[in-house]
Amino acid sequence: MKNLKYISLLLLLAVGFSSCADILEQEMKSSIDSETMYSSYDLAEAANYGAIYAIIGRTANFRARFHPWYGLNSDIEWYLSFSGVNRDIVAYNLLPNNSTMNTASDNNAYSMMYEGIERLNLNVKNLREYGDVENNKDMAFVLGEALVLRATVYYDLLRAWGDVPARFEPVTPETIYIPKADRDVIYKQLLKDLEEAATLLPWPGEGRAKTIDRANRAYAQGLYARIALMASGYALRPDEGQVGTGNPGSVRKSSDPELQKNVLYPKALAALEDVIQNSGCKLYANYQQMWEDLGAFNLDASTVGKEVLWVYPYGDNRGRWNYTFAVRDDDATRAGGAAGPVPTLWFDYDKNDQRRDLSCVNWKWSKGQQVPAGMDNWYFGKFRVEWMTKNNWNREGNDCGYKPPYMRYSDILLMAAEIANDSEGGVRDENKAKSYLAEVRARAFGANAGEAQAQVSALGGEQAIFDAIVQERAFEFVGEMIRKQDLIRWGMLKEKMDETSRKMMQLSKLEGDYANLPREFYYRYNKQGEIEFWGFNEGENVTPDATWMQTTDSKGKPTTYIPDDSEDETKNLFYDSNYKGNVAEHYYDANPDEKQYWPIFQNVLDMSQGKLVNDFGY
């Protein structure tokens, strides 16, 4: 029998210790041997939980250095404080020595992800050896979950850093320090793992998958499709054979024959349609109710889990999602408001789309009341402190315990629509594509579902349907931080960000689509105490009746909601006095297509014995 080693040894390996001898000295004996541990469901389950919880709660990892930063900026989401050292992260100008991200080599997002992977590698290895997964469905579940969790962590590594080391076996003294692998090697292993995991896991709400923080078959198959779309799509890649040499690369698709659309799309569509037809998953009838249930910490896979397929399993008093992304609360030390939708997104929605007023809110909390936030400050209305009925957050600290949705059933439908619409994939079926797209849009339109159906039916041809899917994913998932990766795989990151920049400049000058907006806005409160605005909708460019109050400045003086900068650029809606420039015009500082990925940070590089090298011109 083998003694189970303390897993903290595992991937501090290549990043947290100075020599091989240091690592081997850290080896510690366990009182429980591997066979005993991995033949017991409870102990094996604890090993999976230990692997993921050990990394997501660490100060400088997911809660503070990945989730608050990865998805920013995109064409629909942006960071609201556009100055200081954090600006470089979101403005595509992040350097290896950035003081926010370059934390200790054994306590940063990159290193902790590999610590989690190493723990999961041990779990997979020992479960295969001792878990009797062929005869014991509970042990099969634990193996399937370990494979899914490992794939999830790798997915985050790949979308943040591009090419990274491939580790799928427990580390040995000979494999402590290894270079980056071509990402295609990792993609193929993850796809293989997820195919296996789907055969081991139950549908949401069944078997051991009782809560949405546990792996299930629907999530495994959805993640398979996400990775298939990513692997076959566009991305910044080093030249062939030049991974880990410092090569700046170019935006291109993989040349690997196993990762082409005509190979992956039929498999991905089959996985998605299995979920659609057999899982029992469905959309919430009411879009807002889903977000209220998540805010109330409802993790029941048989109810909320019919749409929310998996959440990141932060503890109830850990994680900073709402601390970062909730609607701003000026009465708390810091409650939300660090990022939000770009100011033009609200105007892109159809007036009958119920997601509009929920996803993009132009108010914040002050002294217990909703107040205007300013046209340049929009917040994600999906995330609200007042819905957190079971949280341990006193709104004075920075951990809120909110468990952000990682995949929802609407993503299953829209990925299926995208694949079914793409002629390169060899499975094009326009009727299927429209049907899946229409299901998502119809839910959003509520009582006007017929209008949504008619809009989709009127779409003509592959390009028109694709454009509609691109737009629908923006409307459906804003604030969920998956848009950046969508834009990368579509080859549209800089293009769409430039489009948004132009639109924001038009908004500031009241030109183009915004020519009929007034500069003065008004507001009032309904019987429920909720704020209502006058000025956002068509026909509201005249002075309303006396029940409405004009927006005012900090001294209570009536002011224009959209300043007139015709004589003074510093009065522009998006002028930042700290930045000393117009943020809307330059909400990136380097070409996003040339900096799609973060650099490996300096402390990690220094501990890699020269094996790790940054590509992409860093």
Assess the pair [X] and [Y]: is the distance between their ring centroids shorter than 6.0 Å?
X	Y	value
Phe380	Trp78	no
Trp291	Phe383	yes
Tyr312	Phe62	yes
Phe82	Tyr587	no
Tyr379	Trp363	no
Trp310	Tyr219	yes

Ignoring hydrogens and geometry beyond distance, is a side-chain donor-acceptor pair present between [X] and [Y] at under 3.5 Å?
X	Y	result
Glu476	Ser410	yes
Asp357	Tyr349	no
Asn86	Thr100	yes
Tyr402	Asp316	no
Asn98	Gln602	no
Asp467	Gln471	no
Lys494	Tyr92	no
Tyr406	Asp213	no
Glu418	Trp490	yes
Asn73	Glu77	no
Glu538	Asn516	no
Asn352	Glu451	yes
Asn572	Asp565	yes

Legend entry - Cation-pi check, Lys595 onto Tyr618 ring (under 6.0 Å, within 45° of axis):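 Output yes; distance and angle both within limits.
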
Inset, instruction - Check whether NZ of the Lys or CZ of the Arg Arg87 lies under 6.0 Å from the centre of the six-membered ring of Tyr579 and within 45 degrees of that ring's axis. - result: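 The answer is yes, since Arg87 meets both limits relative to Tyr579.
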
Legend entry - Electrostatic pair Asp498-Arg502, nearest N-O below 4.0 angstrom: no

Inset, instruction - Flag the pair Asp353 and Lys351 as a salt bridge only when some basic side-chain nitrogen lies within less than 4.0 angstrom of an acidic carboxylate oxygen. - result: no

Inset, instruction - Look at the rings of Tyr597 and Phe616 and say which category their plane angle falls in: under 30° parallel, 30 to 60° tilted, over 60° perpendicular. - result: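 Answer is tilted, since the angle falls between 30° and 60°.
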
Inset, instruction - Could you tell me how the ring of Trp346 sits relative to the ring of Phe536: parallel (under 30°), tilted (30 to 60°) or perpendicular (over 60°)? - result: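 Tilted, since the angle between the ring planes falls between 30° and 60°.
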
Inset, instruction - May I have the step-by-step check of ring pair (Phe, Tyr, Trp, His ring centres under 6.0 Å) for Tyr523 and Trp534, ending in yes or no? - result: CA-CA 6 Å; Tyr523 68 100; Trp534 175 279; over 10 Å; no

Legend entry - Student check: side-chain heavy atoms of Met407 and Glu307 closer than 4.5 Å: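 The answer is no; the side chains never approach within 4.5 Å.
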
Legend entry - Sidechain-backbone polar pair: Thr552 side chain, Pro558 backbone, donor-acceptor under 3.5 Å: no

